Number of protein chains: 2
Amino acid sequence: MHFNELIKTIKERREALQVTQERLAELSNVGLRTLKQFESGKGNPTLLTLQKISDVLGMEICLKIKNITTNK
Amino acid sequence: MHFNELIKTIKERREALQVTQERLAELSNVGLRTLKQFESGKGNPTLLTLQKISDVLGMEICLKIKNITTNK
DNA sequence: CGTTAAAGTGCATTATATGGCATTATTTAG
DNA sequence: CTAAATAATGCCATATAATGCACTTTAACG
């Protein structure tokens, strides 16, 4: 997943759960400013920050082998 | 995946590919010091840094829904 | 043992993420 | 359109990630 996809995933998930940025910031203990920056694609969050956010949204970060034989 | 698992995954992958930290640092354009710090569990890398490293190792970062019904 | 390669660490500097606050823009209701 | 809620931004101080360099540690090998 590229940067933008990650952002999109987080944002969509947040909206699906009907949580505002403000609320998510509180729940995850991430500054509102930081969260906003991230969601608007202007940040380069720390792994810890991303994890805190993902966590609250019921998601987790993982690493997977890229599919080399990218058939399209 | 927790922090330590991520680190472990990266490290194992690197070793499986028989690449030294030094070489990986060059290939990924991440400072050697940064890579070392990360692998020895002392850092809190930036998403970009993690991505650069993962990329060279043929891996990608992804977000997935946590399994709530964690049957054990 | 000494040698060598790879990994880990201390220190200092620079770049940048974090986060608060105020302000502006955008979206959503009424 | 107006008002209220939510999101985006600029400014700015502080914390810390990124990085280089030198040095130490560890592991493998003769």
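For the numbers below, each heavy atom of this structure counts, side chains included, while hydrogens, waters and symmetry mates do not. First the proteins, then the strands, lettered A, B, ... as listed; each starts at 1. Source: prediction; values computed, not measured.
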Once you round it to whole Å, what is the distance between [atom2] of [N] and [atom1] of [X]?
X     : N      : atom1 : atom2 : value
B:L32 : D:dC21 : CG    : C1'   : 11 Å
A:L24 : D:dA7  : CG    : C1'   : 13 Å
A:E22 : D:dT9  : CD    : P     : 17 Å
B:Q21 : D:dT19 : CD    : C1'   : 15 Å
B:E15 : D:dA28 : CD    : C1'   : 15 Å
A:R33 : D:dA15 : CZ    : P     : 18 Å
B:K36 : D:dA22 : NZ    : P     : 15 Å
A:I10 : D:dA7  : CD1   : P     : 15 Å

(message) Return the CD to CG distance between B:Q51 and A:N44, rounded to the nearest 0.5 Å.
(response)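 Those atoms lie 8.5 Å apart.
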(message) I need the B:I53 CD1 to B:L27 CG distance, nearest 0.5 Å.
(response) 11.5 Å
(request) Compare side-chain N and O positions of A:K42 against OP1 and OP2 of D:dT9 and report whether any pair is under 4.0 Å apart. (result) yes
(message) Between B:R23 and B:E26, does any side-chain N to carboxylate O distance fall below 4.0 Å?
(response)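 Counted as a salt bridge, because a side-chain N and a carboxylate O are separated by less than 4.0 Å.
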(request) Considering only heavy atoms of chain A and a distance under 4.0 Å, specify the first and last nucleotide of DNA chain C in 5' to 3' order that meet this criterion. (result) C:dA17 to C:dC21
Across the strands shown, which category fits [X] at heavy-atom distances under 4.0 angstrom: base, sugar-phosphate, nothing?
X     : value
A:K11 : sugar-phosphate
B:Q37 : base
A:R14 : sugar-phosphate
A:T46 : sugar-phosphate

(message) I'd like to check B:K64 versus A:E60 (side-chain heavy atoms, cut-off strictly below 4.5 Å). Are they in contact?
(response) yes
(request) Please give the angle, rounded to 10 degrees, between the axes at the start and the end of the helix from C:dC1-D:dG30 to C:dG30-D:dC1, where five pairs define each axis. (result) 60°
(message) Here's a test of your reading of the structure: between B:T34 and A:T20, which maps to the more 5' nucleotide of DNA chain D?
(response) A:T20
(message) side chain to side chain contact (heavy atoms under 4.5 Å, CB included), that's the test. Do A:L47 and B:T46 meet it? Break it down for me.
(response) CA-CA 6 Å; A:L47 187 50; B:T46 272; over 6 Å; no
(request) For atom CD of A:Q18, decide whether the heavy atoms of other residues, nucleotides or ligands shown that lie under 6.0 angstrom number more than 12. (result)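 Atom CD in A:Q18 is not crowded, with 12 or fewer foreign heavy atoms closer than 6.0 Å.
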(message) With a sphere of 6.0 Å drawn around CD of A:E22, does it hold more than 12 non-hydrogen atoms of other residues, nucleotides or ligands?
(response) no
(request) Among residues two or more places apart or on two chains, list those pairs meeting side chain to side chain donor-acceptor pair (under 3.5 Å) that have a residue in residues 30-40 of chain A. (result)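 Residue pairs passing side chain to side chain donor-acceptor pair (under 3.5 Å), neighbours aside: A:R14-A:E39, A:Q21-A:K36, A:Q21-A:E39.
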(request) Looking only at non-hydrogen atoms, find the nearest pair between B:S54 and A:L63 and report the distance. (result)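 Of all heavy-atom pairs spanning B:S54 and A:L63, the closest is OG-CD2, 3.5 Å.
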